[in-house]
*Asks:* 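Encoded as structure tokens, here's the structure I'll be asking about.
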Amino acid sequence: DTEVTQTPKHLVMGMTNKKSLKCEQHMGHRAMYWYKQKAKKPPELMFVYSYEKLSINESVPSRFSPECPNSSLLNLHLHALQPEDSALYLCASSQDQGVYGYTFGSGTRLTVV
Amino acid sequence: AQSVTQPDIHITVSEGASLELRCNYSYGATPYLFWYVQSPGQGLQLLLKYFSGDTLVQGIKGFEAEFKRSQSSFNLRKPSVHWSDAAEYFCAVPMNSGYSTLTFGKGTMLLVSP
């Protein structure tokens, strides 16, 4: 299995909702990442988990809450989002050193209404 | 901090013509460099990567890139473009020495004309 699977593919949520994005990989990768990508922009790093521990948080607002239940799963919990949070949310994984390159999921297209 | 610059926001190439996408890097030591491709509404796919050694790197889908230290460049090339190559292309480099996280250039949108 050489894929990163993200669910759901599309999500529409109200500003008072709570939802979660899920990411799964079975490649034995020990680093997992959340990136946010706005239209016509490059991906921007949000969080990095290394060996199931949060190692980098790029000053992301607390309405985004990551979780890594085990080495194969990564969640992003969403609460009280704003319309400007609408974006493509990409999950990626890598061997313990990301310098070997990432494997990206196909993303979750999030719309906040 | 390390960074990459992609000078061209978009490029249009005729199908069958050759392609070169530019990437310039800012990096203190020998950089790790990557090219990714993103089709509309999709995730990013790794095309190729450079760590050290041979400066001409072969990738998937017929792409290659050449590392030129004297020009601080890592340009992506393909000898004959197919319509299916139309996509956004990102050059990437590690954010900081010793870190594994990547930062991406602003991307170049490739349009392929018939």
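Keep in mind the model is a prediction, meaning the values are calculated, not measured. Side chains included, hydrogens not; waters and symmetry mates left out as well; all remaining heavy atoms used. In what follows, chains are A, B, ... by sequence order, proteins preceding strands, each numbered from 1.
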*Asks:* Do you reckon Ile11(B) sits in the same ILVMFWY cluster as Val4(B), going by side-chain contacts under 4.5 Å, direct or chained?
*Replies:* yes
*Asks:* Heavy-atom cut-off 4.5 Å, strictly under: side chain, backbone, both or neither for Glu44(A) against chain B?
*Replies:* neither
*Asks:* Say whether Trp34(A) and Phe104(B) are linked into one hydrophobic cluster, either directly or through other cluster members, by side-chain heavy-atom distances under 4.5 angstrom.
*Replies:* no
*Asks:* Just how far is it from atom CZ of Phe90(B) to atom NZ of Lys41(A), taken to the nearest 0.5 Å?
*Replies:* 10.5 Å
*Asks:* Under 4.5 Å between any side-chain heavy atoms of Thr101(B) and Ile56(A), yes or no?
*Replies:* yes
*Asks:* Counting only heavy atoms not in Ile60(B), do more than 12 sit closer than 6.0 Å to its CD1 atom?
*Replies:* yes
*Asks:* Which pair of non-hydrogen atoms, one from Gly105(B) and one from Pro42(A), has the smallest distance, and what is that distance?
*Replies:* O-CB, 3.1 Å
*Asks:* Is there a side-chain contact between Leu44(B) and Leu90(A) (heavy atoms, below 4.5 Å)?
*Replies:* yes
*Asks:* Please check if Leu81(A) and Phe47(A) belong to a single hydrophobic cluster, counting links between Ile, Leu, Val, Met, Phe, Trp and Tyr side chain heavy atoms closer than 4.5 Å.
*Replies:* yes
*Asks:* Answer with yes or no whether the hydrophobic clustering places Tyr49(A) together with Leu73(A); edges join I, L, V, M, F, W, Y residues whose side-chain heavy atoms lie under 4.5 Å apart.
*Replies:* no
*Asks:* Does any non-hydrogen side-chain atom of Lys40(A) lie less than 4.5 Å from one of Glu88(B)?
*Replies:* no
*Asks:* Do Trp35(B) and Leu33(B) share a hydrophobic cluster, counting only Ile, Leu, Val, Met, Phe, Trp and Tyr and linking them when any side-chain heavy atoms are less than 4.5 Å apart?
*Replies:* yes
*Asks:* Looking at every non-hydrogen atom in both residues, tell me the closest pair between Gln42(B) and Leu88(A) and how far apart they are.
*Replies:* O-CD2, 3.9 Å
*Asks:* Tell me, side chain or backbone of Gln45(B) under 4.5 Å from chain A's heavy atoms, or both, or neither?
*Replies:* neither
*Asks:* Taking the six-membered ring for Trp, are Phe34(B) and Tyr102(A) ring centroids under 6.0 Å apart?
*Replies:* no
